[in-house]
Amino acid sequence: MKYPDLLPSLLIGAVASARSMSPMGALAAAHLAGRATPGRLMLLKQPLFTAGALMMGVGELFGDKMKTAPERTVALGLIARIMSAGIAGAALVPRGRERMGGAVAVATAVPLAYLTLAARKKAMRQIGQTRSGLGEDLLVVCSALGVVIWATRRR
């Protein structure tokens with residue numbers, strides 16, 4: 001395997017560090033647009049999963065702005081990042097390399113969750129929760145879609 005093959009997994013792990021459901025939402029959107037992942041992602045063949053991934057991705061964008069939203073580094077948040085990054089990272093590498101892609105994405109998502117949380121807290125102090133969240137959303141959604149579009153191909 002060439003290291004550049006792992007770059008999409010690393011990048012989608014960085015996305016998952018900030019928004020746990022954005023990688024899955026981006027994969028679901030790509031699937032609906034007729035794009036195929038290089039790695040196997042059998043879940044996308046299930047319409048219920050595709051719809052759920054899209055709804056969870058959008059829902060997370062709204063939920064993040066609530067003052068009661070938990071920090072991304074709580075146990076449940078880290079578990080969601082591990083699962084989402086692992087699935088998406090596996091889907092974005094060539095077939096037969098899914099385990100390595102998933103591992104790279106998870107190894108990126110978990111430590112970066114602490115760094116992205118620190119950056120978000122700093123931004124919240126400077127510009128407020130809603131504005132910092134919207135800015136982070138824009139960056140994350142564009143990044144997620146960009147990585148997935150780059151790593152997938154038209155059927």
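Owing to the predicted nature of the structure, the values given are computational and were not obtained by experimental measurement.
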CE/Met56 to CE/Met21 distance, rounded to the nearest 0.5 angstrom? 4.5 Å

Starting at CG of Leu10, measure out to CG of Leu112 and round the result to the nearest 0.5 Å. 8.0 Å

Treating Ile, Leu, Val, Met, Phe, Trp and Tyr as nodes and any side-chain heavy-atom pair under 4.5 angstrom as an edge, say whether Tyr114 and Val106 lie in one connected cluster. yes

Would you say Glu98's side chain and Gly96's backbone share a donor-acceptor pair under 3.5 angstrom? yes

Smallest heavy-atom separation, Arg35 atom then Ile149 atom, equals NH2-O, 2.9 Å

Any Asp137 side-chain heavy atom under 4.5 Å of Phe62 side chain: no

Could you state the interatomic distance from CG (Leu43) to CE (Met24), rounded to the nearest 0.5 Å? 6.0 Å

Give the cluster check for Leu134 versus Val140: same hydrophobic cluster or not, with ILVMFWY residues linked at side-chain heavy-atom distances below 4.5 Å. no

Val147 with Val110, same ILVMFWY side-chain cluster at under 4.5 Å: no

Note: Thr108 and Gly13 closest approach over all heavy atoms is CG2-C, 3.9 Å

For Ala26, enumerate each residue passing the side chain to side chain contact (heavy atoms under 4.5 Å, CB included) test, keeping only those at least two apart in sequence or located in another chain. Ala144, Leu145, Val148

So which atom in Arg153 and which in Thr37 form the shortest heavy-atom distance, rounded to 0.1 Å? NH1-O, 3.6 Å

Are Leu6 and Leu92 linked, directly or through intermediate hydrophobic residues, by side-chain heavy-atom contacts shorter than 4.5 Å (ILVMFWY only)? yes

When you compare the side chain of Val104 with that of Val93, does any pair of heavy atoms fall below 4.5 Å? no

Atom pair CD1 (Ile12) and CG (Leu7), whose distance is rounded to the nearest 0.5 Å: 11.0 Å

Atom pairs and distances, donor-acceptor, side-chain atoms in residues 77-89, under 3.5 Å, two or more places apart:
from: Arg81; atom 1: NE; to: Ala16; atom 2: O; distance (Å): 3.0
from: Arg81; atom 1: NE; to: Ser17; atom 2: O; distance (Å): 3.0
from: Arg81; atom 1: NH1; to: Gly77; atom 2: O; distance (Å): 3.0
from: Arg81; atom 1: NH2; to: Ala18; atom 2: O; distance (Å): 3.4
from: Ser84; atom 1: OG; to: Ser20; atom 2: O; distance (Å): 2.6

Under 4.0 Å between a Lys/Arg side-chain N and an Asp/Glu carboxylate O for Glu136 and Lys121? no

Scanning both residues in full, the closest heavy-atom pair of Ala113 with Thr116 reads O-OG1, 3.2 Å

What one should report as the nearest heavy-atom pair of Pro8 and Ala151 is CB-CB, 3.8 Å

Report the distance from atom CG of Leu115 to atom OG1 of Thr73, rounding to the nearest 0.5 Å. 11.0 Å

How many angstroms lie between atom CG of Leu41 and atom OG1 of Thr50, to the nearest 0.5 angstrom? 8.5 Å

Kindly write out the residues that satisfy side chain to side chain contact (heavy atoms under 4.5 Å, CB included) with Ser132, not counting sequence neighbours, or none if the list is empty. Arg120, Ala123, Met124, Ile127

